[in-house]
Amino acid sequence: MRLAKSVDLLWPGWKIARNGPPRMETDKGAATNFLGRGCLLRLHPKSWAMALGAAASFAGLTSGPLPLAALLGLAFG
C-alpha cells in the first residue's frame with residue numbers, strides 16, 4: 001500500500017512537470033473522461049486505504065458483516 005501511495009503521488013507530479021502549457025481547446029470526449037474517472041475512483045489507493053481503515057475502526061462496534069456494511073454506509077453517506 002505504501003508503494004502504491006508513493007506512485008500515486010509521484011506519477012501526477014511527473015506528468016505535470018513533463019507537460020507543456022495548458023491547451024485552451026474544448027475536450028470532445030468529456031463524457032468518456034467522466035466515466036473513466038469514475039472507474040479510476042474505484043481503483044484509487046486512497047479510496048481503498050480509507051475504506052479499510054474505516055472497516056477496521058468500526059468492526060469492533062458491530063456483530064457481523066451486514067451491520068458493519070450498514071454502519072459504514074451511514075458513516076460515508
Side-chain angles (χ1 to χ4, degrees):
M1 198 57 136
R2 288 181 185 168
L3 178 63
K5 181 62 181 159
S6 297
V7 170
D8 178 51
L9 290 174
L10 291 174
W11 181 253
W14 175 257
K15 294 291 280 185
I16 290 169
R18 301 280 300 164
N19 215 0
R23 293 182 209 106
M24 299 306 289
E25 60 215 30
T26 59
D27 185 12
K28 294 179 182 174
T32 305
N33 289 340
F34 180 75
L35 293 175
R37 290 176 186 146
C39 291
L40 181 63
L41 184 62
R42 304 263 189 249
L43 301 173
H44 207 276
K46 286 187 256 184
S47 301
W48 282 100
M50 180 194 59
L52 291 173
S57 297
F58 289 119
L61 300 175
T62 62
S63 60
L66 290 177
L68 177 61
L71 182 61
L72 289 175
L74 182 66
F76 289 129

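Since we're looking at a predicted model, the values are computed, not measured.
Connectivity analysis of hydrophobic side chains (ILVMFWY, heavy atoms under 4.5 Å, direct or indirect) links Leu10 to nothing; its cluster partners are none. Other members of the cluster containing Leu66 do not exist, because no ILVMFWY side chain is joined to it at under 4.5 Å.
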Check: residues 47-58 side-chain donor-acceptor pairs under 3.5 Å, at least two apart:
from  : atom 1 : to    : atom 2 : distance (Å)
Ser47 : OG     : Leu41 : O      : 3.2
Trp48 : NE1    : Arg42 : O      : 3.0
Ser57 : OG     : Gly53 : O      : 2.8

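Follow the hydrophobic side-chain contacts under 4.5 Å out from Leu74 and you never reach Phe76; the two are in separate clusters.
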